Engineer: 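Below is a structure I'd like to ask you about.
Computed from a prediction, not measured in an experiment: that's the story for all the values here. Remember, it's 1-based here, ligands and their atoms both numbered in the order they're listed.
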Amino acid sequence: MSQHVGILGGGQLAMFLCSAADSLGIETTVLAHSADSPAATTAGSVLSGDLDDLNLVKELISRADVITFDLEAIPSSTITLLDEAVARGDVAVHPDSNVMRTLQDKLVQKQWMVDNALPTARFIGVEGDDAMHQAARGFGVPLVQKARVGGYDGRGVQILRDEASLRQLWPIPSLVEDFVADARELAVVAARGRSGEIVAFEPVEIFFHPEHNVLETVEAPASLPAALRDQAIEIAEATLTALGGTGLFALELFLANGELLINEISPRVHNAGHHTIESAATSQFEQHLRAVCGLPLGPPAQARPAVMRNLLWQHDSRRLEGNELESIAACRDASLHWYGKRDARPWRKMGHITALGDSTASALQTVDQTEQLVERAFAP
Ligand SMILES: Nc1ncnc2c1ncn2[C@@H]1O[C@H](COP(=O)(O)OP(=O)(O)OP(=O)(O)O)[C@@H](O)[C@H]1O
Ligand SMILES: [Mg+2]
């Protein structure tokens with residue numbers, strides 16, 4: 001019998017989950033902010049409204065066998081409603097509410113890492129105004145301030161380099177942590193099935209826009225000594241085992257002075273795993289569906305090196321005028337994925353390109369060339 005997966009959130013992650021579900025014969029409904037959200041193009045059906053509209057969440061529960069997420073910022077009232085439905089046996093929810101509540105608040109998440117002996121940068125929680133400045137001074141600079149909730153793509157994160165800049169601390173519930181200098185950034189995407197088996201993709205290196213802190217490029221696999229590659233996977237396995245949840249998770253890691261530290265853990269498919277659509281035996285999207293639906297996990301093997309580049313909107317904010325076809329035609333050597341977002345805000349992720357190559361260097365060259373062709377098609 002076919003399963004029906006309900007997805008909270010309708011962005012590009014849900015869009016790709018729905019495409020993968022289609023190939024597996026799994027039905028989908030997404031609850032998305034609007035009927036023209038990216039996932040609306042691939043979902044079996046769409047409920048359009050806010051994620052805390054409990055009537056819509058009830059409707060999603062009534063349609064679905066399994067509910068999952070395309071983002072971690074799920075309103076508390078919705079998580080409670082889902083919990084009640086799980087207790088009644090109406091639906092399964094993966095990852096479960098414990099995992100979601102642990103990971104959706106950055107301070108709770110960091111404390112959980114410490115409690116579970118997982119490596120992460122030193123931090124403290126801060127709140128209020130005067131007390132916050134005093135605590136931050138005591139903590140020491142340079143530091144990174146992070147909003148406990150609601151941040152994404154570098155929004156909600158600021159680096160304060162000296163005592164004087166502590167005046168710019170945001171007066172919001174947040175944490176401050178050590179600035180990790182000269183770090184390379186890595187990610188490990190791994191899934192945990194319902195019976196506890198864990199399957200990890202190869203660690204990747206992630207590169208951010210230097211000013212805007214948005215993920216730009218992913219090189220897969222990361223170029224690492226075997227011992228560090230193994231250690232990154234071991235940290236991911238230890239994390240997923242300690243969490244005990246079902247589904248696919250992504251760890252963002254810093255590599256500094258030969259040491260690996262966890263930056264953050266996401267309870268969902270992740271931008272660092274997009275390359276698996278073309279490069280791996282099982283895509284991260286299929287793997288997540290396999291995990292949450294109780295199917296055996298697929299092989300993660302990556303046949304060829306891959307590079308993924310996000311297409312970040314670099315022009316003024318304006319509505320797109322539909323020259324997507326021209327840019328798709330320009331992509332002969334790489335795969336273009338266009339998210340169909342109607343609103344093009346600066347630095348918004350509008351799509352991505354993945355190229356395979358004999359090496360990550362050759363894949364990177366193809367991605368650079370393709371990005372230029374796409375850029376040309378969109379130039380005003
Ligand atoms: N402690 C740190 N030391 C050095 N750089 C940091 C630190 N924390 C964050 N950064 C930089 O800021 C980026 C964004 O931080 P973080 O991943 O916590 O926020 P985010 O908004 O959840 O990001 P995203 O949605 O892109 O994953 C990191 O990828 C890294 O480049
Ligand atoms: Mg991050």
Side-chain angles (χ1 to χ4, degrees), residues 9 11-13 69-74 100 102-114 118-126 136 139-162 165 169-170 172-189 203-219 222 232 236 239 248-257 259-274 284 308-313 345-350 352:
Q12 64 267 23
L13 301 180
F69 312 93
D70 105 324
L71 74 174
E72 47 271 54
I74 304 299
M100 294 304 285
T102 302
L103 298 187
Q104 68 179 185
D105 177 321
K106 285 192 178 193
L107 180 59
V108 175
Q109 182 185 131
K110 290 274 292 190
Q111 190 55 50
W112 178 86
M113 288 183 213
V114 171
L118 295 165
T120 194
R122 189 179 66 104
F123 70 98
I124 53 167
V126 292
F139 184 82
V141 286
L143 59 74
V144 183
Q145 181 184 24
K146 299 189 178 185
R148 287 178 64 168
V149 292
Y152 70 100
D153 287 351
R155 298 172 177 88
V157 174
Q158 65 170 341
I159 297 167
L160 300 177
R161 297 186 187 274
D162 49 37
S165 58
L169 279 165
W170 298 313
I172 55 171
S174 51
L175 62 97
V176 296
E177 69 180 26
D178 279 336
F179 175 74
V180 183
D182 301 322
R184 284 172 71 190
E185 295 193 57
L186 309 174
V188 182
V189 173
V204 300
E205 182 151 4
I206 55 184
F207 298 90
F208 288 78
H209 188 279
E211 247 176 85
H212 295 272
N213 248 345
V214 188
L215 193 154
E216 265 194 324
T217 304
V218 173
E219 287 186 13
T239 302
L248 186 124
F249 297 82
L251 275 76
E252 293 175 23
L253 301 156
F254 295 120
L255 171 60
N257 301 318
E259 202 191 344
L260 289 167
L261 298 171
I262 303 176
N263 173 26
E264 61 170 345
I265 307 161
S266 302
R268 54 169 172 78
V269 291
H270 192 278
N271 203 171
H274 285 3
Q284 65 163 345
M308 191 263 359
R309 165 80 39 81
N310 280 333
L311 297 169
L312 303 171
W313 194 249
R345 290 193 299 275
W347 307 106
R348 193 164 193 215
K349 293 172 182 169
M350 303 304 288
H352 77 261

Engineer: For atom CG of Asn257, is the number of surrounding heavy atoms from other residues, nucleotides or ligands below 6.0 Å larger than 12?
Structural biologist: no
Engineer: Could you pull out the closest heavy-atom pair between Ala236 and Val188, with the gap in Å?
Structural biologist: CB-CG1, 3.6 Å
Engineer: Give a yes or no answer on whether the side chain of Asn310 reaches the backbone of His352 with a donor-acceptor pair at less than 3.5 Å.
Structural biologist: no
Engineer: What I want to know is whether Val180 and ligand 1 share at least one N or O pair that is separated by under 3.5 angstrom.
Structural biologist: yes
Engineer: I need the minimum non-hydrogen distance between Val218 and Ile206, along with the two atoms involved.
Structural biologist: CG2-CG2, 3.9 Å
Engineer: Output the list of atoms in ligand 1 that are nearer than 4.0 Å to some heavy atom of Tyr152, sorted by atom number.
Structural biologist: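 What qualifies from ligand 1 is 21 (O), 25 (O).
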Engineer: Among all the protein's non-hydrogen atoms, which is closest to atom 17 (O) of ligand 1, and how far away is it?
Structural biologist: Glu264 OE2, 2.8 Å
Engineer: Looking at atom 13 (C) of ligand 1, what's its closest protein heavy atom, distance included?
Structural biologist: Asn213 OD1, 3.7 Å
Engineer: Mind checking whether Leu215 has a heavy atom under 4.0 Å from ligand 1?
Structural biologist: no
Engineer: Return the residue, atom name and 0.1 Å-rounded distance of the protein heavy atom closest to atom 21 (O) of ligand 1.
Structural biologist: Gly154 N, 2.9 Å
Engineer: If we check side chain to side chain donor-acceptor pair (under 3.5 Å) with Glu177, which of these qualifies: Lys110, Arg122, Gln145?
Structural biologist: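 Filter result, single survivor: Lys110.
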Engineer: Just checking, Arg161 and Phe179: is the charged tip under 6.0 Å from the six-membered ring centre and within 45° of the axis?
Structural biologist: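 Yes, cation above the ring, under 6.0 Å and within 45°.
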Engineer: Under 4.0 Å between a Lys/Arg side-chain N and an Asp/Glu carboxylate O for Arg309 and Glu216?
Structural biologist: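 A salt bridge is absent here (no side-chain N lies under 4.0 Å from a carboxylate O).
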Engineer: Between Phe179 and ligand 1, which part of the residue brings a heavy atom under 4.0 Å of the ligand: side chain, backbone, both or neither?
Structural biologist: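 For Phe179, the contact with ligand 1 is made by both the backbone and the side chain.
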Engineer: Relative to the Mg ion (ligand 2), which of the N, O or S atoms in Glu264 is the closest?
Structural biologist: OE2
Engineer: Give the residue, atom name and distance (to 0.1 Å) of the protein heavy atom nearest atom 31 (O) of ligand 1.
Structural biologist: Glu185 OE2, 2.5 Å
Engineer: What protein heavy atom lies closest to atom 10 (N) of ligand 1? Include the residue and the distance to one decimal.
Structural biologist: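 Here the nearest protein heavy atom works out to Phe254 CZ, 4.0 Å.
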Engineer: How does Val157 reach ligand 1, if at all, at less than 4.0 Å between non-hydrogen atoms: by side chain, backbone, both, or neither?
Structural biologist: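 The answer is the side chain of Val157.
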Engineer: If you look at Glu252, which of its N/O/S atoms is nearest to the Mg ion (ligand 2)?
Structural biologist: OE1
Engineer: Counting non-hydrogen protein atoms only, what is the nearest one to atom 26 (O) of ligand 1? Give residue, atom name and distance.
Structural biologist: Asp153 CA, 3.5 Å
Engineer: Can you give me the closest heavy-atom contact between Leu312 and Lys349, atom names plus distance?
Structural biologist: CD2-CG, 3.7 Å
Engineer: Over 60° means perpendicular and under 30° means parallel, so classify the ring planes of Trp347 and His212, tilted if in between.
Structural biologist: parallel
Engineer: Among protein heavy atoms, which sits nearest to atom 9 (C) of ligand 1, and what does the distance come to when rounded to 0.1 Å?
Structural biologist: Lys146 NZ, 3.4 Å
Engineer: Within ligand 1, which atoms have a heavy atom of Glu177 less than 4.0 Å away?
Structural biologist: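 Per the distance check, 1 (N), 2 (C), 7 (C), 8 (N).
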Engineer: Give the numbers and elements of all ligand 1 atoms closer than 4.0 Å to a heavy atom of Val144.
Structural biologist: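 Numbered from 1, ligand 1 contributes 1 (N), 2 (C), 3 (N), 7 (C), 8 (N).
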Engineer: Tell me whether Gln284 contacts the main-chain N or O of His270 through its side chain, where contact means a donor paired with an acceptor under 3.5 Å.
Structural biologist: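 Flag set: sc Gln284 to bb His270 pair under 3.5 Å.
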Engineer: Mind listing the closest non-hydrogen atom pair of Val269 and Leu13 along with its distance?
Structural biologist: O-CD1, 3.4 Å
Engineer: Please report the closest heavy-atom contact between Lys146 and Ser174, naming both atoms and the distance.
Structural biologist: O-CB, 2.9 Å
Engineer: By number and element, which atoms of ligand 1 are closer than 4.0 Å to a non-hydrogen atom of Glu252?
Structural biologist: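 Near Glu252, meaning under 4.0 Å from one of its heavy atoms, ligand 1 has 17 (O), 27 (O).
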Engineer: Looking only at protein heavy atoms, which one is nearest to atom 20 (P) of ligand 1, and what is the separation?
Structural biologist: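 Answer for atom 20 (P) of ligand 1: Lys106 NZ, 3.5 Å.
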Engineer: Side chain, backbone, both or neither: which part of Asn263 comes within less than 4.0 Å of ligand 1 when only heavy atoms are counted?
Structural biologist: side chain
